[in-house]
Amino acid sequence: MSTEADEWVQLLSHHPIFTAPLLNSTAVSPPENRGNVRRERIALRGTDMFVAVGNEIRWINLKACKDAFAKSEGERLSENQKQTIQEAVSPKEAVCSVEWSRLGCKGLVFDICRLIVNSSGKLIAAVGTHDVAVVEIPKRGAISGRGKGRGAFEAARSDDGPHNAQWTDCQAYFVGTAYPKVRVADVIWHAMSTKDSHLVVLYSNGLLRMFDVSDTVENAEQTISIFGSGYVAAQTVSLSMGNASALGWSRATAYVATTDGSIYALCPLLPRSCLVERKWLVSLHETAVLDLREWQAEEYEADGITYSPPELIAARATESWLAAMIKLAEETDEDLMCLTLPSRLTRPLEPQGPFLMQPDPTPVGQNTDDSDSSADDSCDDVSAILRLETKCGLGIVVVAYCDAHVDVFADLEPVIGCWSGAREMNRERQLPLLATLGTVDLDLKSNVGSAGSQNASANRSSGAVALIGDPLNSCVFYALHSNGVHRVDMRTFGTLLDAAIGQEDAKAKAAFEGLSAAKPAVQCIVNTSFYSGDQHTTPVVGLAVIHDVYLSYSLLALVAPSQLTGASLSLIQEPVAEADAETQAALEQAIADSTGTPRRVNVSYSAKDVTYVPRLPGSGYTIPANASTLPPRIVVRDDDRNDGMTGDISEDKLRLLGELVAQLRAQMSAVSQAHANMRNHLDLQVQEHWRQHSKLEGISAGFQRHFEQMRRSQGRIDNLRDNASRQAMRVDGMLRQLITHYQPDLTPTERAYAEEVKAIDNAVNGSSGFVCRIQQLRERLDKVLSPAKDSSGKTQAEVKLEGMVHRLDCESETMNETCERVAELRIRLEDVDV
C-alpha cells in the first residue's frame, strides 16, 4: 500500500511530536488495553493535526510537513544542486525538523483518551476517564519559524530542548465540576449550536448533560436520565447524533448505546440557543399534521370515555411543539434562524427504547466449550455506536462490540419527538424497531503458525472498538480496535434501502430481498495483530481521515503507545448504471468464454461486409489473485519507545520474519510470472500491430492512387465545363449578330401605331395619367368624408361628393375600356411578323 503519495506520512511517524517526553507531567498513563476505554487521540482541523500524548495536547501542521518533504525531494533530484549529497537534508530530517507546538494548559493533569474539535475549529474537548476539559486553541495556521509567531502561533515560545517545539499558552476549562465525578462514556459537540459551544457529555451511569461552554462550564444547561428513576445493571457507553444537514428528526436525535446492547433515543435534543432551518421545521410540521390526521381515525368514544391510541397522543404532542417552534420562527424572515428556545419548548425529554432488533443479530465468535467460562464477561459488551445516513435520508445504525464485531441495523421507522410524561400516557405503545442488516467480523487471525495462533479461534480479541465515519461518503466508516483498522463500505445497503423507498410493492420486495443477500465491503487498512507471539496487544488509539486537495485522501492511524502509520485511500466511486453493469457482465462472460483461439470480427461498412481476422490470441495471461485489493499496512509493536519495554529477538519473531519473507517471495514469483505473461502478450500485440500497419499501409497506398485518379478526373471535368461555358458565349454572340443583320425594319404605319400605343400607355400609367389622378382624387375624397361622418343627415357637401364619386366611377369605366384597347393593340403588335 506504500506509495510515493504517502511517503511523507510514513516519515512523519519519526517526528518528535510522537516521541518527545512529557514536560512537567503528573498524569499516570494507564496501559492502552486496560478496560474497555475507547481511545481516539488524534483530531484534525483542516490541515492541522492535534495529538494527545499523556496529559499534553500537541499540534502540528500537515501542510508544512509535506512542504518540507517536497522541498527536500526537489533539492535532491535537482540537477543544479550546489550542495553535496552529504550536506543535503534528507526527506526524513526535513519532515522531522518541522516545528510543532505544545498547548500549555494549566491544570490539565489527567490522561487524555479522546480529542474532539468543534465545527468552528476554535475549541477542542479533551476527554479523560472521569474528566472533560474544553481548551481554547489558536486560529488556523502553521509555525513560521523558531521564536517567531505568525497566524496560529502568535503566542508561541520555544522550549528549551532539542525537539524543535513551541509552547503556546492556552486556557482550559473543566466541564461539570459542580457534579460528582462519574466515568465519562462519550462526548460530542452539538451540530445545531448557534456558537458551536454546546457540549453533550454522556456518563456511564446513564446521565446525559449538555453544557453551553460559552456561558458556564460548571452547571449543565440540560440533564436527562437515560434509565429514568429505575435501576439498570447496564452502563451507557456511547453516543451518536446526526449532522446539521441530516433529514427529518435525525439531526436532533441522539442515539445512546449501553453495555448490554440496548439502544435508546432522545428526540429532539436541542440546545436553548440553536441554529434551525425554516424549511426543516416546515417539513417536520407537514409530516406531523399528516400523522395526526391518520391516527385521528383510530380514536373512538365508548360510554362517554374517549380512547386514543398512544400514537395519536405522541402525534398531538409533536404537532403542538412544532407549531410553537414555527410561531417562534415568525419573528425573523431569514431561512437560517438563530432561535432562543423558551422553557416551554425545552421540556425534559423522554428516552425512547430500548429498540427491538428484528431479526436478532447473528452471534459471532461464540464458543460452546465450557472451558472458556472463566473468560472476561466484558468481551461481548458494546463499545460504540454510530449513525450513518443514505442519500435519501434513511438511517443506518452501526453498533460495535468489544469482541471485534459490528452489527448493522436499518432505522426504517425513525423516531419522533417524545417529552417527559409520555411513558405514563403511552404504556401500551410499542417499542421502536431496528431492522437487522448484517454482522461484520473484525477479528484477525494470526499469520504465524505458533502455539498462540492455535487458540486464536477460542480467544477472540478483547478491547474497545471505536467507530469513525468517512468525511467523503456517509455510508463508509472505519473501526479501530486492538487488531488494527478496518474500513467498512455500506453503500450497497444504502443503495438498496433508497431503492425500496417509494417503489411499488414488487420492486420494494425485490430490494428488501437483495438486502438479505447483500454484504458490506470490508477492508483491513492497518493490521497490528499480524504477529501473535507477543503477549501484549497493540491497539490503534487514534485515527483521522485526511481529505485535502494538497494532502490527498489518506488515513492516519496512531498505534499504541505513539507510533504513527499512514495509508493512501482509494477514491470512492459511485455505482455504475444498470446498462453499464449488463455490458460489463457480458464483457466478463466473453472474456471467460475465450479459449485463446483467433477471434473473427465482422464489421459492416455501407453495403459491403468486411471480415477481419486478427492473429492475436484471446488472453495471454491471468490476473493475479487479489491484484485489485490493497494489502493492509502491517504494524509491529515498536519496543524502542519510552514505554518501559525492551526489545528482544525470539523464536516466534524469527518465524514471523521467515513467513513474511516466504510470502514476499511467493508474491514476487506471482508478479514475475504475470510480468512474463504480459511481456509475451505485449510481443504478440507488437507483431499484430506491425501486421496491421503493413496492411493499412497497402490500403492507404491504394486509397492514395484512387484519390489521384479522382483528382485527374475532376480536372478533366472542370476543363469540359469551361469549354461548354465558352461555347455558350460564342453561340449567344452569333445569335445577336444574326438578329442585327437579318431583322427587317417596321413600316411607317406600324411605327406610328406603336407610338400611339406608347402614348396611350403613358396617359394611363404615367406620372400624370389616369391611375395617378384617381389615386389623388380618392385621397382627397377620404379627407373630405372624414369630418362629415359625425353629422346626421345629408348636406350639400355630401351631395357634391356623391356627384364626384359618380364622375370618378365613369372615368374609371372609361379608363378600363382604354386599358382593354391598349391590351388589344399590344396583341396585334405581337402578331405582326418581324
Donor-acceptor contact present, side-chain N118 to main-chain L123, <3.5 Å: yes

- request: Any chance you could measure K279, atom NZ, to L336, atom CG, to the nearest 0.5 Å?
  value: 10.0 Å

message: Quick check on side chain to side chain donor-acceptor pair (under 3.5 Å): which of Q222, E221, H190 does H198 satisfy it with?
response: E221

message: With a 3.5 Å distance limit and no angle check, can you tell me whether S568 reaches the backbone of S554 through a side-chain donor-acceptor pair?
response: no

Please list, one pair per line, the donor and acceptor atoms closer than 3.5 Å that link side chains of residues 285-298 to other protein atoms, with sequence neighbours excluded.
residue, atom, partner, partner atom, Å
H285, NE2, E319, OE2, 3.0
T287, OG1, S283, O, 3.0

task: Please examine the side chains of L556 and M49, heavy atoms only from C-beta on, and report whether any two atoms are closer than 4.5 Å.
output: yes

Summary of side chain to side chain donor-acceptor pair (under 3.5 Å) pairs that have at least one residue in residues 253-262, sequence neighbours excluded: Y255-D411, T258-D260, D260-S262

message: Can you confirm whether L569 sits close enough to Y478 that some side-chain heavy atom of one is under 4.5 Å from a side-chain heavy atom of the other?
response: yes

Only pairs under 3.5 Å count here: list side-chain donor-acceptor contacts from residues 239-247, not counting sequence neighbours, and write none if there are none.
residue, atom, partner, partner atom, Å
S240, OG, R387, N, 3.0
N243, OD1, S245, N, 3.2
N243, OD1, S245, OG, 3.2
N243, OD1, A246, N, 2.9

query: How long is the gap from CD1 on I546 to CG on L62, to the nearest 0.5 Å?
result: 5.0 Å

task: For residues E277 and D335, determine if any side-chain heavy atom of one lies less than 4.5 Å from a side-chain heavy atom of the other.
output: no

query: Within the distance-only criterion (no hydrogens, no angle test), does the side chain of T194 pair as donor or acceptor with the backbone N or O of S273 below 3.5 angstrom?
result: yes

Between OG on residue S250 and CD on residue E389, distance to nearest 0.5 Å: 4.5 Å

field: Which residues share a salt bridge (charged side-chain N to carboxylate O under 4.0 Å, His left out) with R316, sequence neighbours left out
entry: E299

query: Hey, are the side chains of V127 and C113 touching, using non-hydrogen atoms and a 4.5 Å cut-off?
result: no

message: Whether the side chain of T528 engages the backbone of N483 through a donor-acceptor N/O pair (distance < 3.5 Å, no angle test) should be reported.
response: yes

Side-chain atoms of residues 320-333: list all donor-acceptor pairs with protein atoms under 3.5 Å, sequence neighbours left out, distances to 0.1 Å.
residue, atom, partner, partner atom, Å
W321, NE1, L345, O, 3.1
T332, OG1, E334, N, 3.4

task: Would you check if the side chain of E40 reaches a backbone N or O of L543 as a donor-acceptor pair within less than 3.5 Å?
output: no

message: Measuring only between side-chain heavy atoms, which start at C-beta, is R487 closer than 4.5 Å to L555?
response: no

message: Whether the side chain of S308 engages the backbone of I313 through a donor-acceptor N/O pair (distance < 3.5 Å, no angle test) should be reported.
response: no

- prompt: Are a donor atom and an acceptor atom from the side chains of D381 and Y401 found within less than 3.5 Å of each other?
  reply: no

- prompt: Can a salt bridge be assigned to the pair K195 and D212 using a cut-off of 4.0 Å between side-chain N and carboxylate O?
  reply: no

query: Among all residues two or more places apart in sequence or in another chain, which pass the salt bridge (charged side-chain N to carboxylate O under 4.0 Å, His left out) test with D407?
result: none

Exercise: identify the closest heavy-atom pair between L467 and A479: CD2-CB, 3.9 Å

query: Tell me, do V200 and W189 make a side-chain contact under 4.5 Å, heavy atoms counted?
result: no

statement: Smallest heavy-atom separation, W419 atom then E350 atom, equals O-CB, 3.2 Å

- prompt: Looking at side-chain heavy atoms only, is the closest gap between H481 and L442 below 4.5 Å?
  reply: yes

- prompt: What's the spacing between I396 CD1 and L434 CG if we round to 0.5 Å?
  reply: 11.5 Å

query: Looking at OG of S474 and NZ of K391, how far apart are the two atoms once the value is rounded to the nearest 0.5 Å?
result: 8.5 Å

message: Checking Y203 against D186: is there a side-chain donor and acceptor pair closer than 3.5 Å?
response: no

